[in-house]
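Take a look at the structure below.
Atom set for the values below is all heavy atoms of this structure, side chains included, hydrogens, waters and symmetry mates excluded.
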Amino acid sequence: DTVGTLPLWSHASLYGRFGAWRSDPGASLLAGDVMSRPGAGRRYGLGLKYDVTRSVGLQAELERFSPLDRWGPRESADTDQFKLGVRWRF
């Protein structure tokens, strides 16, 4: 992934990400849902980081996975993912 960061205040920053993903046939995404063919696509998203202290930070990110076929976008729907996290630096 490629990540770009824009500082907002002394403890907060906005970031964007762009990259790619790949999966193999037989991989299980959810319980009982097995992929029947290989897949690949783009992934991109926006997030916000906030440093509570020098070692602890909070993070929220919305990311979209867009599948691609050999000739362009697939007919299957995009998948969105929302993540909340706590970072601990040491």
Same hydrophobic cluster for Leu62 and Leu84, using side-chain heavy-atom links shorter than 4.5 Å among ILVMFWY? yes
With a 4.5 Å limit on heavy-atom distance, are the side chains of Arg17 and Arg43 in contact? yes
Output for pair (Lys49 NZ, Tyr15 OH), nearest 0.5 Å, gives 6.5 Å
Measure across Asp80 and Arg64 and return the closest heavy-atom pair with its distance rounded to 0.1 Å. OD1-NE, 2.6 Å
Do you know which two heavy atoms are closest between Ser13 and Pro7, and how far apart they sit? CB-CA, 3.9 Å
Count the heavy atoms belonging to other residues, nucleotides or ligands that lie under 6.0 Å from CZ of Arg54, then report whether that count exceeds 12. no
Drop me the distance from Lys83's NZ to Glu61's CD, to the nearest 0.5 angstrom. 4.0 Å
Arg42 and Trp21 have their tightest heavy-atom pair at O-NE1, 3.3 Å
Do you know which two heavy atoms are closest between Gly47 and Leu14, and how far apart they sit? O-CD1, 3.1 Å
Can you name the nearest heavy-atom pair linking Asp1 to Gly19, along with the distance? OD1-CA, 3.5 Å
Do Val52 and Val86 sit in one hydrophobic cluster, given that two such residues count as connected whenever their side-chain heavy atoms are within less than 4.5 Å of each other, even indirectly? yes
Within a strict 4.5 Å, meaning less than it, do heavy atoms of the Leu48 and Leu8 side chains meet? yes
side-chain hydrogen bond (donor to acceptor under 3.5 Å, both in side chains) partners for Ser66, two or more places apart: Tyr44, Asp78
